[in-house]
Engineer: 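So that we are looking at the same thing, I have put the structure below in structure tokens.
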There are 2 protein chains.
Amino acid sequence: MATGSGHPTRHPAGATIYSVAERAGVSIASVSRVLQGSQAVSEKTRKRVLEAADELHYVPLAAARSLAVRHHEAHGLVLPELSGPYYSELLMGFEYRAAELGQSVVLMLAEGKADLPRAVRKLATRVDGLAMLGSSAIPDETVSALGGSKPVVLIAGDEKATVDTVSSENTSSAREITAHVLGHGRTRLLFVGDPTVSPDIRDRYAGFVAAHASAGIVAAEAVTVSLREADGTALADRLLRGDLEADALVCANDELALAVMVRLRGSGLRVPEDVAVVGWDDVMTARYVEPGLTTVRQPVRELGARASDLLHERITGSAAPRGAQVIPTHLVIRSSCGCPPPPVAVRALP
Amino acid sequence: MATGSGHPTRHPAGATIYSVAERAGVSIASVSRVLQGSQAVSEKTRKRVLEAADELHYVPLAAARSLAVRHHEAHGLVLPELSGPYYSELLMGFEYRAAELGQSVVLMLAEGKADLPRAVRKLATRVDGLAMLGSSAIPDETVSALGGSKPVVLIAGDEKATVDTVSSENTSSAREITAHVLGHGRTRLLFVGDPTVSPDIRDRYAGFVAAHASAGIVAAEAVTVSLREADGTALADRLLRGDLEADALVCANDELALAVMVRLRGSGLRVPEDVAVVGWDDVMTARYVEPGLTTVRQPVRELGARASDLLHERITGSAAPRGAQVIPTHLVIRSSCGCPPPPVAVRALP
DNA sequence: CTGTTAGCGCTTTCAA
DNA sequence: TTGAAAGCGCTAACAG
């Protein structure tokens, strides 16, 4: 490199409010005032302080402020991990809203943590409240204990006494998409996904069952596989081998649905002619595959935003009634369910 | 109406090290010792303290500890946003590594922030060091200023005097993938993407040019479009209208490549027969489309991990030489480049 | 092994 | 409009 750095940059102690005050020739109280944008400061003082702070490269220490004001100005968020668009969208919604509220966000990923309860407690140590995904595998007692000491909102989890809850609608959308498939004349539908894995999936299966009930037929047991692509591929193979029989698959999420679909078609089965496939989430790939995947779109971003909102309300004490908030979802009909594909010219558009 | 003191909050002040000490009948020093896992405590004291802490639902205040020990035990990370797998992977790598190092991660998304420099400075206030994506649109002077006061690592950005840098290899992979396409007998290649947008893309274009030079032909100017799906679609239309001519497209990322490909095929052009398309990143969709997208896989996760590592080294003062670290990438050949597709049975496998 | 005691850097009365 | 001073909760000498 051209800039032969002669001296490695050191990161020494750094300026404090005291050094700034000294340099500006005022008291630390005045420095604090101008830095907090207090009105009661003379223009002269303000200017001096700002200059001094600038010259000293003053970077305040949030910890000291937090200690003094007795809150962190930060929201914690616990997610299982970040693959797929679901968690990312959630996180984006959360972060944007938190930022609007002037709160930092401290993120923790649950997967792979050796001692999850410990990790969560540590997180709790540095935030004013925390949100977590219902599926983060955090023991119930940990959640409850936390809920006792600071605001906690559970995302897509079950209602609990000490915490708030926000989730997206599942049961009736599941009922709707199932009814749609039944409406195509399919009769041997399978629900693919493990209802015990999360409240979301449990509710989706409930909707699946309800739609069958309305049609006067009894729904099959859920085919309990987890949500990874590999599971979808394996499931497709079971169908191909004849271990399983179905003319339509209602999958718990899109990744599963896509994997199944690709494997099925790769092996000569037609989708949707031989077997229809629908998913959940509306990931990007859902509109790239052939045929386009019929699915349910969740307002995941808004879910995240609501979580941050709720947290803030709790923290600042706006005593809303504790309870569950549900955000609506909606069907995205493409052609994997048996509907005719749209004209070619617009096929690639969402 | 109640007076100002009447908070409706169910989350009152909470226990402190003092209340725990009192309850346990020991000094705060002893409490601190057992909580820090210090060896020099009698079993009896330890037990008492732990009990007291438990009974009181004691949650330590990280801010107080930070103030006392003079560091935050947190790494900051600035990302533009979180759509697509790239940033998520990066973040996962970063978080996992940070956790291993005992550091929390404070995340900030740059996109949509009104006053970005201010936001970043605020972030700097609560972390011991921070990593940011080169493409986060943070003004150079802000980065440099920050680099002067605490460790900063730039991810996929240009080398700077005051900060460390980590990026994945671009130029020679771009050269390689371009040479591969040229090897298929294509001669009118177009590079799609804006080299001015990020050092990554600039370097990829450089590799594109270099490959042409090696083949004794002169590379075309880059077709400067941004990286969204919509831009890919628009680009495809330009090709279809004949505004642009090419028998192969080297796209700056997969999303662009996929959008182009889908549009082209939707309008009757054959890929790769009429025009080959290759991308960069190896996103999930890349192996779901037909034909499978030839692309370059980046070790994005490791990039994130290295960033956290570097940060930690700097923070703890292990004075490594400042400079740029480069992580290798590799080609993923599928069939959008003109290579024959694999046998059907394994088509869906990565 | 335990307790006492200074701070860490900032905010915030309270007086002036 | 300003400054002095008292904490915020925790850690880490330093004695005992």
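Note that the structure is a prediction, hence the values are computed from the model and not measured. Every heavy atom of this structure was used, including side-chain atoms; hydrogens, water molecules and symmetry mates were not.
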Engineer: Return the 5'-most residue of the pair A40(A), V59(B) with respect to DNA chain D, ranking by each residue's nearest nucleotide.
Structural biologist: A40(A)
Engineer: For side-chain hydrogen bond (donor to acceptor under 3.5 Å, both in side chains), just list the numbers for S149(B) and H57(A), CA-CA rounded to whole Å, side-chain angles, deciding distance to a tenth of an Å, and then say yes or no.
Structural biologist: CA-CA 7 Å; S149(B) 49; H57(A) 302 302; over 6 Å; no
Engineer: OP1 or OP2 of dA12(D) versus the side-chain N and O atoms of S32(B): is any pair under 4.0 Å?
Structural biologist: no
Engineer: What's the shortest heavy-atom distance between S308(A) and H75(A), and which atoms?
Structural biologist: OG-ND1, 3.2 Å
Engineer: Send over the distance from H72(B) NE2 to dC10(D) P, rounded to a whole Å.
Structural biologist: 17 Å
Engineer: Please work out which residues in residues 18-28 of chain A have a non-hydrogen atom less than 4.0 Å from an atom of DNA chain C and list them by number.
Structural biologist: Y18(A), I28(A)
Engineer: Check this for me, if you would: do K150(B) and D128(B) make a salt bridge, where the nitrogen-to-carboxylate-oxygen distance has to be below 4.0 angstrom?
Structural biologist: no
Engineer: Please determine, for the side chain of V69(B), which listed nucleotide (dC8(D), dT2(D), dA12(D)) has the closest atom?
Structural biologist: dA12(D)
Engineer: Starting at the 5' end of DNA chain C and moving along, which residue's nearest nucleotide shows up first, A64(B) or A29(A)?
Structural biologist: A64(B)
Engineer: Output yes when at least one side-chain N/O atom of T45(B) is less than 4.0 Å from OP1 or OP2 of dT2(C), else no.
Structural biologist: yes
Engineer: Just the rounded figure in Å: distance from P of dC8(D) to CG of L61(A).
Structural biologist: 19 Å
Engineer: Salt bridge between R48(A) and E43(A), side-chain N to carboxylate O under 4.0 Å?
Structural biologist: no
Engineer: Salt-bridge test for R23(B) and E51(B): reply yes if a basic N is under 4.0 Å from a carboxylate O, no otherwise.
Structural biologist: no
Engineer: Are any of the side-chain nitrogens in E100(B) or K113(A) under 4.0 Å away from the carboxylate oxygens of its partner?
Structural biologist: no
Engineer: Return yes when atom CD of E81(B) has more than 12 non-hydrogen atoms of other residues, nucleotides or ligands closer than 6.0 Å, and no otherwise.
Structural biologist: yes
Engineer: Counting only side-chain nitrogens and oxygens, does S66(A) get under 4.0 Å of the OP1 or OP2 atom of dC10(C)?
Structural biologist: no
Engineer: Grab the CG-C1' distance between L67(B) and dC8(D) for me, whole Å please.
Structural biologist: 9 Å
Engineer: May I ask you to evaluate whether R65(A) reaches the phosphate of dG9(C), defined as a side-chain N or O under 4.0 Å from OP1 or OP2?
Structural biologist: no
Engineer: Atom CD1 of I17(A) and atom C1' of dA4(D): how far apart are they, to the nearest Å?
Structural biologist: 14 Å
Engineer: Nearest whole angstrom, please: distance from the P of dG9(C) to the CD of Q36(A).
Structural biologist: 17 Å
Engineer: Does S30(B) make a side-chain N or O approach to OP1 or OP2 of dG3(C) shorter than 4.0 Å?
Structural biologist: yes
Engineer: Which nucleotide, dT2(C), dC10(C), dG9(D), lies nearest any side-chain atom of R70(A)?
Structural biologist: dG9(D)
Engineer: Using whole Å, report how far CZ of R33(B) lies from C1' of dT4(C).
Structural biologist: 10 Å
Engineer: Tell me the interatomic distance from L56(A), atom CG, to dG9(C), atom C1', rounded to whole angstroms.
Structural biologist: 15 Å
